[in-house]
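First the proteins, then the strands, lettered A, B, ... as listed; each starts at 1.
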Amino acid sequence: MIERVFSGVQPTGNLHLGNYLGAIRKFVDLQQKFDSCLYCVVDMHAITVWQDPAELTKNIREVTASFIASGVDPKKHIIFNQSQVSGHAELAWIFNCVARMGWLNRMTQFKEKAGKHKENASVGLYAYPVLMAADILLYRATHVPVGEDQKQHLELARDIAQKFNKDFAEPIAEAGFADGFFPQPDPLIAGTATRVMSLKDGSQKMSKSAASDLSRINLSDDAETIAKKIRKARTDPDGLPSEEKGLEGRAEARNLVNIYAALSDSTVEDVLKQYGGQQFSAFKPALSELAVAKMKPIGDEMNRLMDDPGHIDEILRDGAVRAREISQPVMKAVKGIVGFI
RNA sequence: AGGAAUGUAGCUUAGUGGUAAAGCAACGGACUCCAAACCCGUUGAUGAGGGUUCGAUUCCUUCCAUUCCUGCCA
C-alpha cells in the first residue's frame, strides 16, 4: 500500500503565524518525504458554522495562496478544495451510517465549540469528525499531520475504518482486499510541535478569534505591523535566561523564544545561547527583524497570487481533477462493497 | 406543537416618553530595558418593521432571534 499524506486547512478568517508554523510550513517538509501529498482547503468543514459566501470564496483562495507562497509544489503534489471532489460528501454519508452517535458524543471539540447551546449547533458541526474521516480515507491516506486538538478526530477515523472493514468483511474479501479495505491512518507528529501562543497571553493559543489583533501576527501583516506587534508583546520583568530551564513559568518569554527558534530553524537552546542574559529591548527587535525577513516574502507572494484569482482557481481545479483520479476508484469500490448498484 | 420570558456597546449589566450610563474588553498615551499592573484618555449600543405621540430605546403591534417549562416524535 502506498504511503500518502492528507492534510486539511479550514478557510475561515485570517491566517496567522500559528497556522503557518503549526501546519502550513510543515507541508513543505512533508512533500520531500512522501511521494503523494494531498493538501486540501476544507471548505465543507468551514460551513459547519455560518460563513459569509463572498468571504468564504476569498478565504479559500487565500489559504491556497498561502500553501503556494510557503513553498508547496502544486504540480508534484495536489492542492485542491474539498467541495470540488464529491467523494468527500458521498463517503461521509456512508460513514455517517458506520459511525455511532456514542462516538460523536464523546468528541471534546464539539462540546467546546457548541458550548452551552448544543441544540443550536448545526448538524454538520456534530458530524464534522465523520467528514474528516471521509477526507482521509477517501484517498486511503496513511499519514495525517495532526495537532494535539485533532488527535481525537483521527482516532475516530481509525475506528470508522476498522468498523467498516469489519461490517463489510465478506464483500471486502471478495473484492480482493485481504487485510481490510481501509488502512488505519497514522498521526504524523512533526518533530518539535510548535505551539504558537498569543502575544498578549502566553497561556492562550494564538487564535484568529482573540479580541485583540495585537495578540497575533497575520500572514497579511506588513513589516511595520509585525514590528509593532512584537514590540507590544507581553513579557515579564526579567531578561532572557541562558538555559531553557530559566523559561519555566514564563509562558510569554518562552513563546517569543519558541517563535524565534521556529523561524530560524534552530532550537530554544541555540537561541538562548545567543540571547541569554540580554534584555527584551534587545531581543524583540531581533525577533521582529527575523519575523519580517521570514514572513514578508510569504505575505508578498500571497498578495501577488491573490491579484490573479483565476490562476488560483485554475490550480484548485487541476488539483481537484487529480484528487478525483485517486478517489474515484476508491469510491467505486466502496459503493460496490456496501451493495450499491 | 402549547405556554412563559428576554432582546441596550465585543461581553456583563443600568436607565428614561425629551442629548442612553457603568464595569470589563479593545485602541491610544504615560510609566517600563521591552512588556504587564497602576494612572490618563478615546472608540463603540437600544434586534427589524409598523403604529400612538410634537417627540419612542421606553407605550401598542407584527416579525425575527434567544432562553426556560410542558407536550409530541425518535
With sequence neighbours excluded, give me every ring-ring contact (aromatic ring centres under 6.0 Å, His included) pair touching residues 277-301 of chain A.
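Sorted result for residues 277-301 of chain A: Tyr260(A)-Phe283(A), Tyr275(A)-Phe283(A).
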Please give the distance between the [atom1] atoms of [N] and [M] as a whole number of Å.
N: U62(B); M: G2(B); atom1: P; answer: 15 Å
N: A48(B); M: A56(B); atom1: P; answer: 15 Å
N: A14(B); M: C27(B); atom1: P; answer: 28 Å
N: A30(B); M: A5(B); atom1: C1'; answer: 48 Å
N: U58(B); M: U16(B); atom1: P; answer: 14 Å
N: U8(B); M: U57(B); atom1: C1'; answer: 7 Å
N: C73(B); M: G17(B); atom1: C1'; answer: 48 Å
N: C39(B); M: C31(B); atom1: C1'; answer: 9 Å

Evaluate Arg234(A) against Asp201(A) for salt bridge (Lys or Arg N to Asp or Glu O under 4.0 Å), listing each step before the verdict.
CA-CA 7 Å; Arg234(A) 184 164 170 183; Asp201(A) 179 353; 5.4 Å; no
Among residues two or more places apart or on two chains, list those pairs meeting side chain to side chain donor-acceptor pair (under 3.5 Å) that have a residue in [range].
range: residues 236-247 of chain A; value: Asp236(A)-Arg250(A)
range: residues 299-311 of chain A; value: Lys296(A)-Asp300(A), Glu301(A)-Arg304(A)
range: residues 27-38 of chain A; value: Arg4(A)-Ser36(A)
range: residues 87-102 of chain A; value: Ser86(A)-Glu90(A), His88(A)-Asp135(A), His88(A)-Tyr139(A), Glu90(A)-Lys335(A)

State the dot-bracket string of RNA chain B. Criteria: Watson-Crick or G-U wobble, both atom distances under 3.5 angstrom; notation: ( ) intrastrand, [ ] crossing earlier pairs, | interstrand, . unpaired.
(((((((..((((....[..)))).((((.........))))....(((((..]....))))))))))))....
Suppose we screen for side-chain hydrogen bond (donor to acceptor under 3.5 Å, both in side chains). Which residues come up paired with [X], at least two apart in sequence or across chains?
X: His153(A); answer: Gln150(A)
X: Lys229(A); answer: Asp213(A), Asp221(A)
X: Ser215(A); answer: none
X: Thr57(A); answer: none

Between residues 209-219 of chain A and RNA chain B, which residues have a heavy-atom gap below 4.0 Å?
Ala211(A), Ser212(A), Leu214(A)
Could you encode protein contacts along nucleotides 32-39 of chain B as a string, one character per nucleotide from 5' to 3', using B for base contact, S for sugar-phosphate-only contact and - for no contact, with a heavy-atom cut-off of under 4.0 Å?
-BBBS---
Give, for atom CZ of Arg25(A) and atom CG of Asn19(A), the distance between the pair rounded to the nearest 0.5 Å.
13.0 Å
